[in-house]
Asker: 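Here it is: the structure, laid out below.
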Amino acid sequence: MPELPEVEALAEFLREHAVGHAVAGVDVVAFQALKTVDPPVTALGGLTVTGAGRHGKFLDLDCDGLHLVTHLARGGWLRWRDDLTGARPARPKALAVRIRLTPGEDGRAPGFELTEAGTQKRLAVHVVRNPDEVPGIASLGPDPLADDFTVETLASIVGGSRTQIKGLLRDQKVIAGIGNAYSDEVLHVARMSPFKIAATLTDDQVADLHTAIVTTLRDAVGRARGLAAKDLKSEKKSGLRVHGRTGQACPVCGDTIREVSFADSSLQYCPTCQTGGKPLADRRLSRLLK
């Protein structure tokens with residue numbers, strides 16, 4: 001799933017490549033992806049792309065004040081095409097929406113395709129006058145890269161919460177933009193168990209967690225900056241230290257990275273760095289062994 005750093009990089013990419021072009025047309029192939037009807041998607045035709053931004057994991061394309069807001073969900077991606085004139089879709093079966101832009105000075109008509117892999121079709125596209133009209137944006141918690149996301153802000157979030165810190169970090173209504181992968185990375189940097197209860201954090205641990213959140217996300221944004229959209233997935237994967245690296249050696253201490261599996265996801269962690277050397281119980285595996 002694209003998280004804050006990848007969506008931020010996609011927004012920067014669109015600011016560089018799409019701003020200044022007018023929308024020649026929007027082709028909706030997967031109609032379940034379009035979540036709004038007023039304004040109609042056809043209202044984007046002829047409008048000029050004036051900006052691109054991010055709200056948590058939501059990508060926002062500003063077209064003369066009308067906003068095309070996309071949430072890529074777990075299997076979605078944006079695929080830029082330098083010239084869509086007569087081009088076949090990059091992944092025909094996965095294509096959800098195609099946005100065609102007017103030709104540039106070189107005569108090529110660029111644009112991009114929103115695709116979604118897998119059977120769980122959750123990619124969402126909204127056409128709105130104000131991004132806050134999108135329910136998921138209206139309910140977002142603070143942005144962890146904003147100047148006002150301070151240690152005090154984080155302390156007020158974790159204080160009194162009986163939620164495990166891993167789940168708290170992933171809750172978009174609590175903190176915007178962090179998902180499964182970067183929550184694993186943040187907790188590894190903070191040397192903290194994913195099962196630790198948020199309210200039990202000491203002041204020093206809150207400060208360490210704040211530093212881990214900000215530095216991990218900023219580093220990831222920095223690595224992604226300037227890359228083409230097609231290269232962002234591989235950059236994310238190569239930059240992760242524990243997430244998705246079950247069985248490999250921890251880059252900090254050399255211990256074996258372990259995994260806890262759930263019904264539809266999993267987390268990875270280092271026992272030595274995060275849990276005092278003790279493996280966490282993998283509940284799904286335990287049930288299978290009974």
Asker: Among all residues two or more places apart in sequence or in another chain, which pass the salt bridge (charged side-chain N to carboxylate O under 4.0 Å, His left out) test with D27?
Answerer: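 Only R100 meet the salt bridge (charged side-chain N to carboxylate O under 4.0 Å, His left out) criterion with D27.
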Asker: Roughly how far, to the nearest 0.5 Å, is CD of Q268 from CD of E259?
Answerer: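 One gets 4.5 Å once the value is rounded to the nearest 0.5 Å.
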Asker: Drop me the distance from H21's NE2 to T50's OG1, to the nearest 0.5 angstrom.
Answerer: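 Answer rounded to 0.5 Å: 13.5 Å.
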Asker: Taking the side chain as everything from C-beta on, heavy atoms only, tell me whether V69 gets closer than 4.5 Å to V125.
Answerer: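 With C-beta onward as the side chain, the pair stays apart.
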Asker: Give a yes or no on whether V19 and L59 share a hydrophobic cluster (residues Ile, Leu, Val, Met, Phe, Trp, Tyr; joining criterion: side-chain heavy atoms under 4.5 Å apart).
Answerer: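 Per the 4.5 Å side-chain linkage, V19 and L59 are co-clustered.
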Asker: Could you list the donor-acceptor pairs under 3.5 angstrom formed by side chains in residues 173-183, with sequence neighbours left out?
Answerer:
unit_1, atom_1, unit_2, atom_2, d
N180, OD1, K166, NZ, 2.7
N180, ND2, S266, O, 2.8
Y182, OH, E6, OE2, 2.6
S183, OG, K166, NZ, 2.7
S183, OG, G179, O, 2.8
S183, OG, N180, O, 2.9

Asker: In the structure I gave you, are the side-chain heavy atoms of T216 and I213 within less than 4.5 Å of one another anywhere?
Answerer: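 Result no, sub-4.5 Å side-chain heavy-atom pair not found.
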Asker: Among side-chain atoms of Q248 and T246, is any donor-acceptor pair under 3.5 angstrom?
Answerer: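 Judged by distance alone, the side chains do not pair up.
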Asker: Looking only at side-chain N and O atoms, does N130 offer a donor or acceptor that is under 3.5 Å from a partner on H67?
Answerer: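 Side-chain D/A pair, H67 to N130: absent.
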Asker: Can you run down the salt bridge (Lys or Arg N to Asp or Glu O under 4.0 Å) pairs that involve residues 142-152, sequence neighbours left out, and say none if there aren't any?
Answerer: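 Of all non-adjacent pairs touching residues 142-152, those that pass salt bridge (Lys or Arg N to Asp or Glu O under 4.0 Å) are R54-D143.
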Asker: Check whether any side-chain N or O of S156 sits under 3.5 Å from a backbone N or O of T153 as a donor-acceptor pair, and report yes or no.
Answerer: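 Checked: pair present.
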Asker: Which other residues end up in the same hydrophobic cluster as V242, if Ile, Leu, Val, Met, Phe, Trp and Tyr are linked when side-chain heavy atoms come under 4.5 Å apart?
Answerer: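 For the cluster that includes V242, the remaining residues are I257.
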Asker: With a cut-off of 6.0 Å (strictly less than), are more than 12 heavy atoms of other residues, nucleotides or ligands near NZ of K237?
Answerer: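 Count not over threshold, so no.
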Asker: Sort and list the pairs that fulfil salt bridge (Lys or Arg N to Asp or Glu O under 4.0 Å) and have at least one residue in residues 241-254, not counting sequence neighbours.
Answerer: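 Listed once each, the pairs would be none.
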Asker: Roughly how far, to the nearest 0.5 Å, is CZ of R258 from OG1 of T275?
Answerer: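 Going from the OG1 atom of T275 to the CZ atom of R258 covers 8.5 Å.
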Asker: Taking the side chain as everything from C-beta on, heavy atoms only, tell me whether L280 gets closer than 4.5 Å to P194.
Answerer: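 The answer is yes; the side chains approach within 4.5 Å.
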Asker: Relative to each other, are the rings of F112 and W80 parallel, tilted or perpendicular (30° and 60° limits)?
Answerer: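 Ring orientation of F112 relative to W80: parallel.
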Asker: What's the shortest heavy-atom distance between A281 and F195, and which atoms?
Answerer: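 The answer is O-CE1, 4.3 Å.
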Asker: Not counting sequence neighbours, which residues clear ring-ring contact (aromatic ring centres under 6.0 Å, His included) with Y269? List them please.
Answerer: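 Not a single residue meets the ring-ring contact (aromatic ring centres under 6.0 Å, His included) criterion with Y269.
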Asker: Among L114, V7, V134, which residue satisfies the side-chain contact (heavy atoms from CB on, under 4.5 Å) criterion with T70?
Answerer: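 Going through the options one by one, the only one that passes is L114.
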Asker: For P110, is there any backbone N or O sitting under 3.5 Å from a side-chain donor or acceptor partner on D82?
Answerer: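 Pair absent, no side-chain N/O of D82 close to backbone of P110.
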Asker: With a 4.5 Å cut-off on side-chain heavy-atom distances among I, L, V, M, F, W and Y, is there a chain of contacts connecting I99 to L34?
Answerer: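 Yes, I99 connects to L34 through the hydrophobic network.
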Asker: For the residue pair L61 and L14, establish whether any side-chain heavy-atom pair is separated by less than 4.5 Å.
Answerer: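 Yes. Closest side-chain heavy atoms under 4.5 Å.
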Asker: Start with the C-alpha distance between V127 and L44, add both sets of side-chain angles, then the distance that settles side-chain contact (heavy atoms from CB on, under 4.5 Å), and finish with yes or no.
Answerer: CA-CA 8 Å; V127 180; L44 293 167; 4.1 Å; yes
Asker: Return each pair, listed once, that meets salt bridge (Lys or Arg N to Asp or Glu O under 4.0 Å) where at least one residue sits in residues 62-72; pairs must be two or more places apart or across chains.
Answerer: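 Pairs touching residues 62-72 that pass the test: none.
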Asker: Sequence neighbours left out, what passes salt bridge (charged side-chain N to carboxylate O under 4.0 Å, His left out) with R129? Give chain and number order.
Answerer: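 Only D38 meet the salt bridge (charged side-chain N to carboxylate O under 4.0 Å, His left out) criterion with R129.
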Asker: Heavy atoms only: give me the nearest V151-A207 pair and the separation to one decimal.
Answerer: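 In terms of heavy atoms, the two residues are closest at CG1-CA, 4.2 Å.
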Asker: Can R15 and E8 be counted as an ion pair, charged N to O under 4.0 angstrom?
Answerer: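 Between E8 and R15 there is a salt bridge, with a charged N closer than 4.0 Å to a carboxylate O.
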Asker: Closest approach of R162 and A199, non-hydrogen atoms and distance?
Answerer: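 In this case the closest contact between R162 and A199 is NH1-CB, 4.0 Å.
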Asker: With no hydrogens and no angle check, is any side-chain donor or acceptor of T200 less than 3.5 Å from a backbone partner on K196?
Answerer: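 No, T200 side chain to K196 backbone: no donor-acceptor pair under 3.5 Å.
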Asker: For the hydrophobic clusters of this structure (ILVMFWY residues joined by side-chain heavy atoms under 4.5 Å, transitively), does one cluster hold both L10 and L217?
Answerer: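 Unlinked, L10 and L217 end up in two clusters.
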Asker: May I ask whether V26 and V49 are part of the same hydrophobic cluster, defined by side-chain heavy atoms of I, L, V, M, F, W, Y residues being less than 4.5 angstrom apart, directly or through others?
Answerer: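 Yes, one cluster joins them.
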Asker: Please say yes or no: joined through hydrophobic side-chain contacts below 4.5 Å, possibly via intermediate residues, are L240 and L4 part of one cluster?
Answerer: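 Same hydrophobic cluster.
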Asker: Would you check if the side chain of Q274 reaches a backbone N or O of T272 as a donor-acceptor pair within less than 3.5 Å?
Answerer: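 Answer holds: no.
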Asker: Is R122 paired with E116 through a side-chain N to carboxylate O contact shorter than 4.0 Å?
Answerer: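 Salt bridge between E116 and R122, a charged N being under 4.0 Å from a carboxylate O: no.
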Asker: Would you check if L168 and S161 make a side-chain contact, meaning some heavy-atom pair closer than 4.5 Å?
Answerer: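 L168 vs S161: side chains touch.
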Asker: For residues 222-232, dump all side-chain donor-acceptor pairs below 3.5 Å to protein atoms at least two apart in sequence or in another chain.
Answerer:
unit_1, atom_1, unit_2, atom_2, d
R223, NE, E235, OE2, 2.8
R225, NE, E12, OE1, 3.2
R225, NE, E12, OE2, 3.2
R225, NH2, E12, OE2, 3.1

Asker: Output yes when a side-chain donor or acceptor of T102 lies under 3.5 Å from a complementary backbone atom of A22, and no otherwise.
Answerer: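 Here the side-chain-to-backbone pair exists.
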Asker: For H210, what residues pass the side chain to side chain donor-acceptor pair (under 3.5 Å) criterion, not counting sequence neighbours?
Answerer: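 Counting only residues at least two positions away or on another chain, H210 forms no side chain to side chain donor-acceptor pair (under 3.5 Å).
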Asker: If we only count heavy atoms from C-beta on, is the S265 to R170 side-chain gap below 4.5 Å?
Answerer: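 Yes - at least one pair of side-chain heavy atoms lies under 4.5 Å apart.
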Asker: Counting distance only, does the side-chain N/O of E113 pair as donor-acceptor with the main-chain N or O of A96 below 3.5 Å?
Answerer: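 Such a contact is absent between E113 side chain and A96 backbone.
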Asker: Between NE2 of H188 and CE of M192, what distance do you get to the nearest 0.5 Å?
Answerer: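 H188 atom NE2 to M192 atom CE measures 13.0 Å (nearest 0.5 Å).
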Asker: How close do C253 and C250 get, heavy atom to heavy atom, and via which atoms?
Answerer: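 Nearest heavy atoms, C253 then C250: N-SG, 3.5 Å.
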Asker: How does the hydrophobic cluster around L95 look, that is, which other residues are in it when side-chain heavy atoms under 4.5 Å mark a link?
Answerer: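 ILVMFWY cluster around L95 also holds V29.
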Asker: Taking the side chain as everything from C-beta on, heavy atoms only, tell me whether L145 gets closer than 4.5 Å to R218.
Answerer: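 Yes, at least one pair of side-chain atoms sits under 4.5 Å.
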Asker: Side-chain contact, heavy-atom cut-off 4.5 Å: V97 with L68?
Answerer: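 Side-chain contact under 4.5 Å: no.
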Asker: I'd like to check the salt bridge (charged side-chain N to carboxylate O under 4.0 Å, His left out) partners of D204; sequence neighbours left out, ordered by chain and number.
Answerer: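 Per chain and number, D204 pairs via salt bridge (charged side-chain N to carboxylate O under 4.0 Å, His left out) with no residue.
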Asker: Between atom CG of D132 and atom OG of S139, what is the distance when rounded to the nearest 0.5 Å?
Answerer: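 Taking CG in D132 and OG in S139, the distance rounds to 10.0 Å.
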Asker: Say you draw a straight line from OG1 of T115 to CZ of R98; how long is it, rounded to the nearest 0.5 Å?
Answerer: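 One finds 11.5 Å between OG1 of T115 and CZ of R98.
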Asker: Counting heavy atoms not belonging to D203, are there more than 12 under 6.0 Å from its CG?
Answerer: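 No, the 6.0 Å shell around CG holds no more than 12 heavy atoms from other groups.
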